[in-house]
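Quick note: numbers below take in every heavy atom, side chains included, and nothing from hydrogens, waters or symmetry partners.
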Number of protein chains: 2
Amino acid sequence: MTEATGRLRVPTIDDVARLAGVSRATASRALSSEKRPVSAANRERVLAAAEQLGYRINPLARSLTTKTVNLVAVLVNHIHDLSDLDLFDLLLAETQAIGKQVILIRIGSGGKVEEFLRRGVAYHVDAALVFSDFADAGTARRMFHSDRVLMLNGHHDRLSPAVIPDEALGIEAAVADAAGKGVRTAALVTGRTSSLVEQERIGFYHRALARRGIGLGQVIQGDYSYESGRQAGDRLAGAGAPDAVFCTSDAAAMGVLDARRTDFPEGRPARFRLYGFDNISLLDFSAYPISSIGYDKTAYVREMMRFLADPDGFAPDGAPVLVPTRFVARSTG
Amino acid sequence: MTEATGRLRVPTIDDVARLAGVSRATASRALSSEKRPVSAANRERVLAAAEQLGYRINPLARSLTTKTVNLVAVLVNHIHDLSDLDLFDLLLAETQAIGKQVILIRIGSGGKVEEFLRRGVAYHVDAALVFSDFADAGTARRMFHSDRVLMLNGHHDRLSPAVIPDEALGIEAAVADAAGKGVRTAALVTGRTSSLVEQERIGFYHRALARRGIGLGQVIQGDYSYESGRQAGDRLAGAGAPDAVFCTSDAAAMGVLDARRTDFPEGRPARFRLYGFDNISLLDFSAYPISSIGYDKTAYVREMMRFLADPDGFAPDGAPVLVPTRFVARSTG
DNA sequence: CTGTTAGCGCATTCAG
DNA sequence: CTGAATGCGCTAACAG
């Protein structure tokens, strides 16, 4: 039963066919998930034989002829790219639910992505979900010799399908919330403005604030990080504090909160209101009850599944698909 | 260049061989990572041809003959099994560094694991890392037709290799830290004692405290959760508070801290010291500066890599491999 | 409905 | 050192 290596010999479709007394082709048909023509009797015998042998199909071998492995690559820089675990957990569950499995590729920061992928299975997957910003859409397409690449990092172009959060919605709602609470002046803590995504995000804040008649005072440039938030928090002290502080990342908002804990007794705003961005799951812990803006994870993942189900039919007009963001109220807002 | 589907045709080794003017076999040898006999001239031409065509080997096809895919399955219940992202990030990076890729399988809570895996590539991977407690070692072995299964969930037996944290070390160090700071009395907040792992952990605390002459007063049973920690914290109020509170999970310790914030001005202990367990990365944020106990992630992953490099040679005596845990001092301790 | 044949892309004999 | 032939496990095309 065991070979020299101690590894069990895994039965092939040939073994099944022989035991069932039919040809390989018939066994293959009986075992296929699609309904191919097989007599009920033969199907019975094949299935019984397979069961008895503990046979399971080798999808790798099958992929040689069918050209599809039911494998999708998920490309990230680091794990932390998957801004939070809940999203990834959902993505994984849904992907598996449609009969595909995920091979997770960590690009790291290094540059030689292509060289790296060259030796890996990733090159031959059915489709790729690109969270990593290692490369633009053109590189990604070339890398997977196909258009079956979904850009989720904002680095899309006119040719590759993409899904991006519609940030305007959530920002509008957050600013409306502040306005409704009497906020008249605000500060903005930003990330690096070299990012196109960030530039656009900042623009949304400017316009939303203007529409609500809220005056934007200080604009403090950070880098999305917790540390930069703490520094911003320190600069927010004193008499000239605004009615509200909007941060373009939750990490920065957490930094602001930690720097100004005394201004938030019981987590409630005593001097100014605080709004973050991303709605990371950490905010559900009571230490960081920060009002934030997040996209609808379910809708986001649903779009990815739509892509996986029919990569070529997705977004035929070439326009990026938008996923709504929404405002999530917590006690700092 | 493109087929009807819009998918680019990917060059095979045949294309390379033809362009280089050699046989398939020679091209294969030249392209192989091992040094097989090929003339320098031919190697040159093959490599050039491959480069020109943008050829990359198809590892799936190769696996048909080599019987090895360089794919390892990582089995989890939910993503959160990977107690924190840092571990997983490291695991992924190291796995890729030795030329293997990770296919991540989420078991969920559902029961029909086998039926699920049966149709997937996972069944035919080179090795599996089992974090999920979906099954015991026997089931895992049967499922992958091999002994190439590393149990990391504590559900190992005498036959399958396993890696588990040596909790005694860290607990000893944490208790020593407390003793050195003059702690004479302690309380223990536990998880569900139905778990064997938890029973053992509690035992370590009992013995370490006894050895240091620290009296154990209240033992509060929780369930590892943040909420149960908060409740324990409420019960810790009043005059009879101990000098130190040890929790068998960080989440519970966070709950205790949030329930007793006023006893930790600036995060420093005013009435009692607080120790957690797991050393989750959240503790690096200033809101939860809890002294904790964690295993050495690097050592942990190193053992996994040792297994992947030589599954059959790992732990030949059948004993589980222990990974040291250590005490990590923060301000609550 | 069924069996035979011919590959999928690749590594590996085995002769030269 | 090289090329021709063989087979990995499976499905598709083709007769029957």
Side-chain angles (χ1 to χ4, degrees), chain A residues 3 7 9-46 49-50 53-71 118-121 123-126 145, chain B residues 3 7-46 49-50 53-70 118-121 123-126 145:
Chain A
E3 290 178 348
R7 183 139 210 193
R9 165 161 153 46
V10 353
T12 74
I13 200 172
D14 251 334
D15 302 324
V16 175
R18 201 170 312 123
L19 180 60
V22 299
S23 72
R24 273 217 314 272
T26 300
S28 169
R29 286 188 275 255
L31 262 5
S32 168
S33 54
E34 337 219 332
K35 26 190 159 305
R36 304 194 176 289
V38 202
S39 69
N42 271 345
R43 175 186 307 276
E44 258 338 284
R45 327 181 69 223
V46 169
L53 260 30
Y55 168 81
R56 42 292 264 185
I57 199 171
N58 184 337
L60 271 31
R62 171 167 54 185
S63 77
L64 262 191
T65 63
T66 61
K67 301 293 185 191
T68 157
V69 252
N70 279 344
L71 224 42
R118 181 164 297 216
R119 333 201 106 254
V121 184
Y123 250 106
H124 298 264
V125 297
D126 295 336
H145 359 266
Chain B
E3 290 176 348
R7 183 140 208 191
L8 305 175
R9 166 162 153 47
V10 354
T12 76
I13 200 172
D14 251 334
D15 301 324
V16 175
R18 201 170 313 122
L19 180 58
V22 300
S23 72
R24 271 217 316 270
T26 301
S28 170
R29 285 188 276 256
L31 261 7
S32 169
S33 54
E34 338 219 329
K35 24 190 157 304
R36 306 195 174 288
V38 202
S39 69
N42 270 345
R43 176 185 304 278
E44 255 341 282
R45 325 181 70 222
V46 169
L53 259 32
Y55 168 81
R56 40 298 262 185
I57 199 171
N58 183 338
L60 270 32
R62 172 170 52 186
S63 78
L64 261 192
T65 62
T66 62
K67 301 292 185 191
T68 156
V69 251
N70 279 345
R118 182 163 295 218
R119 331 201 109 256
V121 183
Y123 247 105
H124 297 264
V125 297
D126 296 335
H145 358 268

### Query
Which atom pair, heavy atoms only, marks the closest approach of A:R45 to A:G21?
NH1-O, 4.4 Å
### Task
Work out which heavy atom in A:R56 is nearest to a heavy atom in B:H124; give both atom names and the distance.
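Of all heavy-atom pairs spanning A:R56 and B:H124, the closest is O-NE2, 3.8 Å.
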### Query
So, do B:I57 and B:I13 sit near enough that their side-chain heavy atoms are less than 4.5 Å apart?
no
### Message
For B:R29, is there any backbone N or O sitting under 3.5 Å from a side-chain donor or acceptor partner on B:S32?
### Response
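No, because the side chain of B:S32 does not come within donor-acceptor range (under 3.5 Å) of the backbone of B:R29.
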### Task
Could you run through nucleotides 8-16 of chain C and give me one letter per nucleotide, 5' to 3': B if any protein heavy atom sits under 4.0 Å from the base, S if only the sugar-phosphate is that close, - if neither?
BBBBB----
### Task
Drop me the distance from B:S28's OG to B:D14's CG, to the nearest 0.5 angstrom.
11.0 Å
